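Please read all numbers here as calculations on a predicted model, not as lab measurements.
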Amino acid sequence: MELFSGLLVKLLPLYLYMLFGYIIGKALNVKKGDIANLLVFLLLPIITFHGAYTTPVSVQTMSLPLFFFVLCTLITILFLWIGKKLWKDNTGNLLSFAAGYGNYGYFALPASIVLFGKEAESLVIIAGVGYTLYTSTVGYFVTALGNFSARTSIWKTLMLPSIYTLILGLIFNIGGWKLTTGSGIDFLQVYTDFMRDMRGTYSALGMMLVGIAIAEVKHFKVDWKFTAVASLAHFVIWPLVMISYIFIDVSFLHFYPVLILKILFLFSLIPVGVNLIAYATQLGVQPEKGAITILVTTVFGMLYIPLMMSLFLAFFNN
């Protein structure tokens, strides 16, 4: 219980951001579309560049983006098939993205640093590159297909800047380009301070976007079927898949160190990703339904995530 309550307290600020977003959405009439564009076209590309640029290159770390990209894509394909069986409109497209995409940037990134310390930051960011690659390609494309042709969806996907900042960051990283001191200015320190501020802004605005989106809902009505299927993906399918892999790794492969296994398990517990609202808003694919599902899964995660992580960490500590 002590470990559970400790984790719950550490994660509490993330939920407060969501509450603040709801308050300013109601009181100041802040629009989710403006925040969504700021996140998708400015902050996310910056964060993506930083992760690709700063992560140490090794077989283990470089495999993380591929690991998550493939897993997100497979789950998306599975739930696109399920969604098309359950709904005849573009709800199935929204479901497939919701199932494959967890709240990496606004939840898993700050939560990992809180739970595992600063040494987890670079690993989490490079793992998140797989999420970013997925959301900027497969996830966005599948969602766009709910309203647009395949050709238009591909074009809209290619317009996302995160794809290009990811490539640029990897080029700088592999090429060994480093920031140094010049003309009396410590450029590395300037960059470090800048990225610290960007990460904080990104996480805070991302969680606030959930509250803002909820504040814009005129008639609060939960689509329980949609929410239940999305929750099945995130709180049952993802953990089962990840526990299976971790068991195989610990027993036979011995590929990832314990810290990465802990990060993998945390990633399997996170609620539906907030950028679902941003992309659904841009593409006109039922953003209100996405916002309510994110709220429900995030609130459920308040107790579910600390409970599951406390059990998992207790297992590893033994």
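Leu253 and Ile243 fall within the same hydrophobic cluster, defined by Ile, Leu, Val, Met, Phe, Trp and Tyr side-chain heavy atoms under 4.5 Å apart, directly or through other members. Ile167 and Ile174 are not part of a single hydrophobic cluster, where members link through side-chain heavy atoms under 4.5 Å apart. When hydrophobic clusters are built by joining Ile, Leu, Val, Met, Phe, Trp and Tyr residues whose side-chain heavy atoms come closer than 4.5 Å, directly or via intermediates, Leu16 is grouped together with Val299. Transitive grouping of hydrophobic side chains (ILVMFWY, heavy atoms separated by less than 4.5 Å) keeps Ile77 and Ile237 in distinct clusters.
Residues Trp238 and Val241 have side chains not in contact (no heavy-atom distance under 4.5 Å, counting atoms from C-beta outward). Using a 4.5 Å heavy-atom cutoff, the side chains of Leu71 and Met242 are in contact. In this structure, the side chains of Leu123 and Ile263 come closer than 4.5 Å at one or more pairs of heavy atoms. Within the 4.5 Å cutoff, no side-chain heavy atoms of Val30 are placed close to those of Met208. Put simply, the side chain of Met308 reaches to within 4.5 Å of the side chain of Phe265, judged on heavy atoms. Phe226 has its side chain out of reach of Leu86: every pair of non-hydrogen atoms, C-beta onward, lies at least 4.5 Å apart. A heavy-atom distance below 4.5 Å is not found between the side chains of Tyr164 and Phe49. Counting heavy atoms from C-beta on, the side chains of Ile305 and Pro271 come closer than 4.5 Å.
Aromatic ring centres of Tyr131 and Phe267: separated by under 6.0 Å. The six-membered or imidazole ring of Phe68 lies away from that of Tyr134, with a centre-to-centre distance of 6.0 Å or more.
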Practice item. Tell me, with the steps shown, if Ser96 and Trp81 meet side-chain contact (heavy atoms from CB on, under 4.5 Å). Key: CA-CA 8 Å; Ser96 64; Trp81 178 78; over 6 Å; no
Point to revise | Stepwise side-chain contact (heavy atoms from CB on, under 4.5 Å) test for Leu266 and Phe116 | key: CA-CA 11 Å; Leu266 174 64; Phe116 309 133; 4.1 Å; yes
Practice item. Show your reasoning for whether side-chain hydrogen bond (donor to acceptor under 3.5 Å, both in side chains) applies to Ser231 and Thr297. Key: CA-CA 7 Å; Ser231 298; Thr297 57; 5.9 Å; no
Check your understanding: Are Thr76 and Tyr101 close enough, and set up right, to give a side-chain hydrogen bond (donor to acceptor under 3.5 Å, both in side chains), and what steps lead you there?
Key -> CA-CA 8 Å; Thr76 293; Tyr101 173 48; over 6 Å; no
Exercise for review: Would you check, one step at a time, whether the test ring pair (Phe, Tyr, Trp, His ring centres under 6.0 Å) holds for Phe67 with Tyr245?
Suggested key: CA-CA 11 Å; Phe67 180 92; Tyr245 172 77; 5.2 Å; yes
Practice item. With side-chain contact (heavy atoms from CB on, under 4.5 Å) as the test, would you mind laying out the steps for Asn90 and Val285 before giving the verdict? Key: CA-CA 7 Å; Asn90 58 17; Val285 185; 3.9 Å; yes
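A distance of 10.5 Å separates CG in Leu276 from CG in Asn103, rounded to the nearest 0.5 Å. Going from atom CG of Leu264 over to atom NZ of Lys262 covers 12.5 Å, rounded to the nearest 0.5 Å. With rounding to the nearest 0.5 angstrom, the CZ atom of Phe69 is 9.5 Å from the CG atom of Leu74. Between the CZ atom of Phe97 and the OG1 atom of Thr135 there is a distance of 5.5 Å, given to the nearest 0.5 Å. Remark: Thr73 OG1 to Leu80 CG distance equals 12.0 Å, nearest 0.5 Å. Once rounded to the nearest 0.5 Å, the distance linking CD of Gln189 with CZ of Phe194 reads 14.0 Å.
Taking all atoms of both residues into account, the shortest heavy-atom contact from Thr298 to Tyr15 is O-CE2, 3.1 Å. The nearest pair of heavy atoms linking Ala230 to Leu95 is N-CD1, 3.9 Å. In terms of heavy-atom proximity, Gly21 sits nearest to Ile212 at O-CG1, 3.3 Å. Listed here is the closest heavy atom pair of Gly100 and Cys72: O-SG, 3.2 Å. When all heavy atoms of Ala280 and Leu94 are compared, the closest pair comes out as CB-CD1, 4.0 Å. Leu64 and Ile260 get closest at one heavy-atom pair: CD2-CG2, 3.9 Å.
Checked options Ile248, Val250, Asp249; the residue passing with Ile246 is Val250 (criterion: side-chain contact (heavy atoms from CB on, under 4.5 Å)). With His50 as reference, Thr54 is the one residue of Thr48, Ile47, Ile46, Thr54 to meet the side-chain contact (heavy atoms from CB on, under 4.5 Å) rule.
Remark: side-chain polar atoms of His234 are paired, donor with acceptor, to backbone N or O of Ile270 under 3.5 angstrom.
For Asp193, the salt bridge (charged side-chain N to carboxylate O under 4.0 Å, His left out) test picks out Arg196, with sequence neighbours left out.
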